[in-house]
Amino acid sequence: MHPMDFEYVSSPTLSDAVRQYTRFAQLGKRPMYFGGGTEIITLGRLHQVNPDAVIDLKPIPETQVMAVQQGQLVLGGSITLTQITDAPWLGEAFPLLQETVHEIADRTARNKITIAGNICGTIFYREAVLPFLVCDSKVRTYGPKRGKERSIHRVFNREARLEPSEFIVQLVTDETARTAPFVHIKRRKAGRVGYPIVSAAAIRIDDRIRIAFSGVCPFPFRSSAIETILRQRGLTVRQRVDQAIQRIPSHLILDDYEASRAYRTFVLANVLEEILQRLGGA
Amino acid sequence: MPKQEVSLSINGEQRMVVIRFADTLLEVLRGKLGLTGAKPGCNNGDCGACTVLIDTCPYKACIMLAVETVGHEITTVEGLHSTPIQQAFADCYAFQCGYCTPGFIMNAHALLQQHRVIDEYTIREWLESNICRCTSYEEIGEAVRTAARLRDARTAPSLDTSVDTQQRRDL
Amino acid sequence: MSEAFSPWNMAHFSTNGSETTVVGHSVGRKDTSLKVTGHAKYTDDEIESDMLHAALLTSPHAHARILSMDRRRALQAPGVRAVLFGTDCPNHTGDPLADRPILAIDTVRYAGEPVAIVIADEFHQAAAALASIDVVYAPLPVVQSPKAAYEPNAPLLHPDVHTYRRNRAEANPIPGTNIATHVPIRKGHPDDVWASCDVIAEVEVSFPQAHHAYMETPAIIAEIDPDGEMHITTSTQSPFTIPSLIHETFDVNPSQVRVHVPFVGGGFGGKSSPYLEPLVVAASKAVGGRKVKLRCEREHAMQTLPCHIGLEAKVRLGAKRDGRFVAVDITYWFDGGAYADRAVIVTRAAVQDCTGPYRIPHVRCDGFCMYTNHPPATAYRGFGHPEETFVIERAVDVLARQLHLDPLEIRRLNAIRTGDSTPTQTLLTGGRVGNVPGCIDHLKKLMEWDGRAVRREGSRIIAKGMCCSWKTSSTPPNASSGAIVRVNEDSTVTLLSGVVEIGQGTKTALAQMVAEVFAMSVDRVHVVLEVDTKEEPEHWKTVASRGTLLAGNAAVRAAIDAVRQLQETAAIVFQCRPSDVRISNGVASCAHEEKAIPIGDFKNGYAFPDGRSVGRMVIGRGSYTIEDVTPLDPETGRGSPGPEWTVAAQGVEIEYRPADCTYRVLRAFSVIDAGKVIHPALALGQVKGAMNMGLSLASREGYVYSGRGVVTNPQFRVYPIHRYGDQPEYHVVFLETPDEHAPWGLRGLGEHGLIGMPAALASALSNALGVDVNEMPMTSELLWRIQTGG
């Protein structure tokens, strides 16, 4: 139940979406792009998100693409998490993504949540971004300056960094990274549905482990400093893990109803150790 | 205008209804169409008591706008009649207070329609979307397995198990 | 089986009480088709075009002065009909202690407390207008725990507690303190015998408040007729208490209040005390008596409505070297929250059974229900007993370890039996208590207990834990139930009872009992599933696992009464003695007559073919008032809190991984002395469901308060109750030691599956860790903290 009224338009094309957005903005209204819409609906009920208009991106064909094109996996922003987990071929094409998004919310919710919606969400876990961060994926966006393709790291730093009328059209991932040895681990307070205490996605390319985290801090991140420490020779696994964790400013480590800061740090250490063991970095 | 008259296809009928764009499907079903089988257990996408089918896929009606369903076929619990899963819920005492039951039934019904062969992993993967506080869940699991047998007894067995060949992870 | 209770004493019934054809068998639930088709109507499913909708504004502060409130902007918002503040309806409400304003006045005492209600044409309009109410608060110091509330210098939350209207038998507040009630037990010589103990175990226990998690959030609809009659439709377990509460709150006659209860989507105690009903009545008054609906959002259910009580406790248990218990000293500081509600009676219930089902000659116990700045607490499945069980069972485990005794054997050694007396000095005569040693013996077999609680399997530890539990009802001495049985034209019968169908299936069980008396199929017994307080005979409350005892006795008596009336009329027709008339399978017959007459033909007396008629309309009536309950002495606690004790032995088996302090429950066991199982499938469902709820509560549930006392996890996505697949395997066995007061000897069992689960889980985890686990929820974080001191 959204107490405040809003307009709804669904856009059939990329340019139409930007046009609609601009039109609402020029009228002094606050438009928002709408994918799965689950956050707009739930946070709206609590007066935490109040758009004047929503622009549904799902009808745009480019956002519904799910294909390998010249070795690159192209995923449209409106693809739902269930489409990802249920596509058997993705089990080979991008197994880390499949495993990571499988742990988000529950299956019925995943039928609605879209990949771009999760990445651009207000709720700070945004776990779907983790595989793209470690794979150095590219993001195709569309906005006032039409289409752009940039590194995920330019588009996403803690949260999506987009111009007001810009939205994610597709995520593009090279074969090398997405088929590399991988691990995803998610630890929750209890059960198999819910937010993470720690969610970590990692791949190994040559002797480098790339790793990204959600749930540790109030934003997802990947840190080159942590990755450098994790491959340092001459240190035990435990030493590397401890030093890696020290790289995270402790005041940024979450301390809330899911877990205290101290326990979350303990869980993070265990997760890192398991990742090093499973990816052969030990 | 933030309101519009739309035509929704629900349980095989076309229903004309004036909706606010901000209305969830759950509010429209219950408040404007009198279909109160789907329940507002949390209005937050967490409990699954409002689960309905859009085309053949289960969705939580509290996190879907009514306007998103225009042009699609909506099935609520009121649209099910003597299905195997309803029979099995009765036979297995898979409900007590009954509040979560429509959501569980819709989700399990979709599961039974989409999967010819249903293993424990898949039952859990699907049913952990719904919360029941009364039963021990064992009864609900038994109902799904019973319904699969009832379904198979009603229809000729199929050899097509392709939808179940996806990768399985350990429970 | 049951000899004292024989409803079929009349000649035509089988005199062999153990031969039942309907009772004791699983039959289809009476609510089945409505519930599997989505047609079962709950309160919020009542939707009418002329209905107004309300939305609640609640306090963001746990303790604050209200400096100002301004509704001018809200009143101008679209669709808004009224905005109510506490000063508009300054009545206090609450039972047994009227300590709560309908809406906060001057002060808020918990985060989530209602401070305003908006009534509008549409719900979204009311909800939107909430943002236009301006309230200015000045925060006050927050009392965050019951022990902190007990400190002499703690801020006083209710300085005027002595002025509140109260039921003196039920609430005993101490002015000048935060004590909402104090309940003592003094049995034997608890202060003198400690020197004679060879070993003493001392344990401290604590857990935070928690959510009932009924799936239906409460909804209330109120309307006032032009003649002043109030109609309240609500999701409650206690419809018959509402007229008197409304009477006390608004000074209207109880007979002018009509309460209608459709299906209720789970209660677990959370709907046992009316909480927001007075507010919605006030809202209807504010709009000229129009129909107003309030439906609580889940966040309100978790922050505003009463919850499971929290606890801090210490226990000292002394024993002889051979393991015999000598004395116990227990202090409970319950976290009753900002308003007392039923928490004061939960406190009494815990105190009166504080020893668990053990023979302990010397008992000292003090139960304090404390006011804190947390949400108010109320009844929760088990009503004080999961709480007292957790406390005493932790001490028993510790004592067993100190004495190097098998924890199961020390429990068997001390098990309470017929002839012993309870902490309230109730002598357990006849069938008043179930068979505790029998439950322990069955549990031993069921969980393959061999005295070794722990074994290692690679990197995992497999551990077992067990406990015993008991529960009596804590009903007032006049708790009553009535029933009416009508005979229908088609030779079926209809039962009217005021029991609320909250999922427990009582009305199906009652139909079985009526069918048994009528010697016919349960399909021929109709039940009215909804309750209307002006139509159904009163039933005290649908709580305390009392439905089948109170309403069962009433229904059986009503059925016998109806059968007797049928016999009298039929005897005239058959020209025989009434006792020679046999009523079975929907017909009346007599050994001397060949023809059998359908009972429907006697519905309004019997009309002969020539037009003459004899007899009169058949209306069976029956009632029952609880027996053997007396108030507790205010100094010693001496008294009789309930008619009988259901007992159980329960256990769990877990798999623990020390490396990351995680675990899962593999199997859970309950052996319950049910007296008599009326409906095996329903009984099993009740017990397994309660076990599942208890394990969820024990392992992962609990409010997490901010430093300012706000519940920070008020949604299921951050309050991770059991979902499908989280449950272990459940193993349940019933014993049948009859209670002579109850139909067929049955005992209540709706709560008992839950009661021992927290204690059994704590026992297993303590065994796995080798360190005591005395807190809930038993999350991996707790175990990590205990194991590492972190």
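Naming convention: chains lettered A, B, ... in sequence-line order (proteins, then strands); numbering from 1 in each chain.
Contact annotation for B:Ala90: both backbone and side-chain heavy atoms come within less than 4.5 Å of a heavy atom of chain C. Only the side chain of B:Thr101 comes within contact range of chain C, with heavy atoms under 4.5 Å apart. With a 4.5 Å cut-off on non-hydrogen atoms, C:Tyr730 touches chain B through its backbone and its side chain both. Looking at C:Ile47, only its side chain comes within 4.5 Å of chain B, counting heavy atoms on both sides. Both the backbone and the side chain of B:Ile123 come within less than 4.5 Å of a heavy atom in chain C. For B:Asn130, the part lying near chain C is the backbone, with the side chain staying farther off; criterion is any non-hydrogen pair under 4.5 Å. The part of B:Ile105 that comes within reach of chain C is its side chain, from C-beta onward, which places non-hydrogen atoms under 4.5 angstrom from that chain. For chain B, no part of C:Ser33 is nearby; none of its heavy atoms comes within less than 4.5 Å. Looking at B:Tyr93, the atoms closer than 4.5 Å to chain C (heavy atoms on both sides) all sit in the side chain, from C-beta outward. Of the atoms belonging to B:Ser129, it is backbone heavy atoms, and not side-chain ones, that fall under 4.5 Å from chain C.
Screening C:Val732, C:Asn692, C:Leu695 for a side chain to side chain contact (heavy atoms under 4.5 Å, CB included) involving B:Ser136 leaves a single residue, C:Asn692.
Annotation: the span from C:Ile721 atom CD1 to B:Arg133 atom CZ amounts to 4.5 Å, rounded to 0.5 Å. Remark: C:Tyr719 OH to B:Ile131 CD1 distance equals 11.0 Å, nearest 0.5 Å. Between the CG atom of B:Asn44 and the CD atom of C:Glu299 there is a distance of 5.5 Å, given to the nearest 0.5 Å. Here the straight-line distance linking atom CE of C:Met693 with atom OG1 of B:Thr135 works out to 12.5 Å at 0.5 Å rounding. Between the NZ atom in C:Lys35 and the SG atom in B:Cys100 there is a gap of 10.0 Å [rounded to 0.5 Å].
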Given B:Glu78 and C:His39, is the side-chain contact (heavy atoms from CB on, under 4.5 Å) satisfied, shown in steps? CA-CA 8 Å; B:Glu78 291 91 343; C:His39 286 83; 4.3 Å; yes
Are C:Glu122 and B:Lys3 close enough, and set up right, to give a salt bridge (charged side-chain N to carboxylate O under 4.0 Å, His left out), and what steps lead you there? CA-CA 14 Å; C:Glu122 305 280 347; B:Lys3 282 190 179 183; over 6 Å; no
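A salt bridge links C:Asp45 with B:Lys39; the closest basic N to acidic carboxylate O contact falls under 4.0 Å. Salt bridge annotation for B:Asp46-C:Arg298: absent, with no cationic side-chain nitrogen under 4.0 angstrom from a carboxylate oxygen.
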Can you give each donor-acceptor pair under 3.5 Å made by side-chain atoms of residues 682-691 of chain C, sequence neighbours left out, with the distance rounded to 0.1 Å?
| unit_1 | atom_1 | unit_2 | atom_2 | d |
| --- | --- | --- | --- | --- |
| C:Gln686 | OE1 | C:Arg381 | NH2 | 3.4 |
| C:Gln686 | NE2 | B:Gln96 | OE1 | 3.0 |
| C:Lys688 | NZ | B:Glu138 | OE1 | 2.8 |

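Contact check for B:Cys97 versus C:Val264: no side-chain heavy atoms found under the 4.5 Å cut-off. With a 4.5 Å cut-off on side-chain heavy atoms, B:Tyr137 and C:Asp726 do not count as touching. Side chains of C:Arg29 and B:Phe95 form a contact here, defined as non-hydrogen atoms less than 4.5 Å apart.
Interface with chain B: from residues 210-221 of chain C, residues C:His211, C:His212, C:Ala213, C:Met215, C:Glu216, C:Thr217 qualify, criterion being any non-hydrogen pair under 4.5 Å. Inspection of non-hydrogen atoms places no residue of residues 50-58 of chain B under 4.5 Å from chain C.
Qualifying ring pair (Phe, Tyr, Trp, His ring centres under 6.0 Å) partners for C:His300, counting only residues two or more places apart in sequence or in other chains: none.
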